[in-house]
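Please read the structure below before turning to the comments.
When reading the values below, keep in mind they use all heavy atoms of this one structure, side chains included, and skip hydrogens, waters and symmetry mates. Here is the naming used below: chain letters follow the sequence lines, and residue numbers restart at 1 for every chain. No experiment lies behind these values; they were computed from the predicted model shown.
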There are 2 protein chains.
Amino acid sequence: MASARVSKTKTAIRNAALELFAVYGYKGTSVRKIASKVGIRESALYNHFKNKEAIFLTVCADIFTTPFSKKNIQEEAKKGKKFLANFVVQYKLVSFDANKEKLFRIMMIELLQDQTLRQNFLNEFHHHNITLLSEAFFVMMQSGLIRSSDPMFMANEFLAPLFYYRLQITLFRIDAEPTTALSTLFEKHVDFFWESVIV
Amino acid sequence: MASARVSKTKTAIRNAALELFAVYGYKGTSVRKIASKVGIRESALYNHFKNKEAIFLTVCADIFTTPFSKKNIQEEAKKGKKFLANFVVQYKLVSFDANKEKLFRIMMIELLQDQTLRQNFLNEFHHHNITLLSEAFFVMMQSGLIRSSDPMFMANEFLAPLFYYRLQITLFRIDAEPTTALSTLFEKHVDFFWESVIV
DNA sequence: GTCTATAATATGATAGAC
DNA sequence: GTCTATCATATTATAGAC
């Protein structure tokens, strides 16, 4: 199997780096600290990765993998509110997933400093979701489920609060504050939004 | 006047630091680079500031000053949509203000790394606006302008897209991409939101 | 594949002459 | 208030023994 091709030490470095990058960012994480967390010397680390940037790129490799597929969007969108509720359930799951949360932290820290990451965010993360939701809203309009309007703007209005709530959850969790109050916002958002677009 | 108490060099350091922090963040900005931008040596810089952190704190001093006051909120809120439109105009002006944009960049870069800044964001920035908007929506509900619901949740739904649009503007401007398409989102948001809450 | 040793550079900060 | 000189430390990365 493919995963056996990655050595134990390399995986350990990746995991240690993920933890540190998520807390201290790229510049705040030294190769020394990563090696120390793994339990090896810096020099040993260079047997597995070319340099610090290579570690970072490996860690960030699946930062923009998304659970939202455009498969059967034409059929799925006809479910109306049910489709939106499903979307939000996925979004919420991702928001509370420990591993995804670390990647989200890295993304937020480096978003304004790393051009490649920023462009991936806008293309893979934002634009991907906006086009998917736009298509869904377009179908819903044609099906007479929701009122006619600009599907892309609707997509923005639907997506924006989800992102804001996710950011808040992330900030709260950094300081180990409870997120129960925030947790319910997702479902309330679907209800509120649906009421505002339904015919 | 009070501003005369701050020397020219100290102001120059502050401005140079603002530019650099906004692009490279705290860790990515060295005292050397700040001094170099001002045109003096590092050592001379320490005659004006105790250390690097003191420069950062001075730069960040008015990062959370807000144009949104709770004054006359009872009266202002009765204007309904007009109140929301005014709020968004202010928010939009801040989003496109060059100086405020730099401070917003610093805030976004350090938000996940600096606990003090993060707590100020949640208290001064988020919570301040949420309570202000909550009060306004409460008044609007009592005045029969909008449908009865949870004012605080409504405030979240109203504020979240504004933040998301501002973040997008900031990201676009870093890469010198045009923001005209984003510019109209603010007004459209007010229209869309008002339609969804109006009785 | 890991270690010690080391290089080259960058960093925050201070001492003391002018 | 600025300069030169210097320090202590941290950083990324490499060389070569085991």
Side-chain angles (χ1 to χ4, degrees), chain A residues 1-61 106 109-110 112-117, chain B residues 1-61 106 109-110 112-117:
Chain A
M1 46 192 181
S3 62
R5 289 177 57 115
V6 178
S7 74
K8 259 191 176 179
T9 309
K10 191 162 185 172
T11 305
I13 293 167
R14 207 197 81 102
N15 291 337
L18 173 62
E19 298 288 336
L20 292 170
F21 283 139
V23 176
Y24 306 106
Y26 183 78
K27 282 168 192 154
T29 302
S30 68
V31 179
R32 225 182 216 81
K33 281 176 193 155
I34 298 172
S36 171
K37 200 174 175 75
V38 175
I40 58 173
R41 299 282 169 178
E42 282 176 87
S43 49
L45 191 146
Y46 285 92
N47 282 316
H48 303 276
F49 292 93
K50 186 193 163 198
N51 52 27
K52 185 182 173 181
E53 201 193 345
I55 305 172
F56 184 72
L57 291 176
T58 299
V59 166
C60 293
I106 295 174
I109 294 174
E110 305 302 331
L112 282 86
Q113 302 181 79
D114 185 325
Q115 193 183 18
T116 306
L117 202 135
Chain B
M1 48 189 182
S3 62
R5 288 178 57 116
V6 178
S7 75
K8 261 191 174 179
T9 309
K10 191 162 184 173
T11 305
I13 293 167
R14 207 197 80 101
N15 291 338
L18 173 62
E19 298 289 336
L20 293 170
F21 284 139
V23 176
Y24 305 107
Y26 183 79
K27 282 168 192 153
T29 301
S30 67
V31 179
R32 231 180 212 79
K33 281 176 192 155
I34 298 172
S36 171
K37 199 173 176 77
V38 175
I40 58 173
R41 300 281 168 177
E42 282 177 87
S43 48
L45 192 145
Y46 285 93
N47 282 317
H48 303 276
F49 291 94
K50 189 193 160 197
N51 52 29
K52 185 183 173 182
E53 201 193 345
I55 305 172
F56 184 72
L57 291 177
T58 299
V59 167
C60 292
I106 295 174
I109 294 173
E110 305 302 331
L112 281 85
Q113 302 180 79
D114 186 325
Q115 193 183 18
T116 307
L117 203 135

- Item | Gap separating the OG1 atom of Thr58(A) from the CD1 atom of Ile13(A), nearest 0.5 angstrom | 10.0 Å
What is the distance, to the nearest angstrom, from the [atom1] atom on [X] to the [atom2] atom on [N]?
| X | N | atom1 | atom2 | value |
| --- | --- | --- | --- | --- |
| Ile34(B) | dG12(C) | CD1 | C1' | 11 Å |
| Ile40(B) | dT4(D) | CD1 | P | 12 Å |
| Ile55(A) | dT12(D) | CD1 | C1' | 11 Å |
| Lys33(B) | dA10(C) | NZ | C1' | 9 Å |
| Lys27(A) | dA10(D) | NZ | C1' | 16 Å |
| Arg41(B) | dT14(C) | CZ | C1' | 16 Å |
| Leu45(B) | dA13(C) | CG | C1' | 11 Å |

- So which nucleotide from dC3(D), dT11(D), dC3(C) ends up closest to the side chain of Ala44(A)?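 The closest nucleotide is dC3(C).
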- Side chains of Phe21(A) and Ile109(A) in contact at under 4.5 Å (non-hydrogen atoms):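 They are not in side-chain contact.
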- Please name the pair of heavy atoms, one in Ala12(A) and one in Val38(A), separated by the smallest distance, quoted to 0.1 Å. O-CG2, 3.7 Å
- Test side-chain hydrogen bond (donor to acceptor under 3.5 Å, both in side chains) applied to Arg32(A) - qualifying residues, sequence neighbours left out: Glu42(A)
- Query: Is the shortest side-chain N/O distance from Ser30(A) to OP1 or OP2 of dT11(D) below 4.0 Å?
  - Reply: yes
- Listed by chain and number, what are the side chain to side chain contact (heavy atoms under 4.5 Å, CB included) partners of Ala54(A), not counting sequence neighbours?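 Applying side chain to side chain contact (heavy atoms under 4.5 Å, CB included) to Ala54(A) gives Phe49(A), Lys50(A), Asn51(A).
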- Query: Does anything in residues 14-29 of chain A pair up under side chain to side chain donor-acceptor pair (under 3.5 Å), and if so which pairs, sequence neighbours excluded?
  - Reply: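 Checked against side chain to side chain donor-acceptor pair (under 3.5 Å) - neighbours excluded - the pairs reaching residues 14-29 of chain A are Glu19(A)-Lys102(A), Lys27(A)-Gln113(A).
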- Letter per nucleotide, 5' to 3', of nucleotides 13-18 of chain D [B base touched, S only sugar-phosphate touched, - untouched; heavy atoms, 4.0 Å]: BBB---
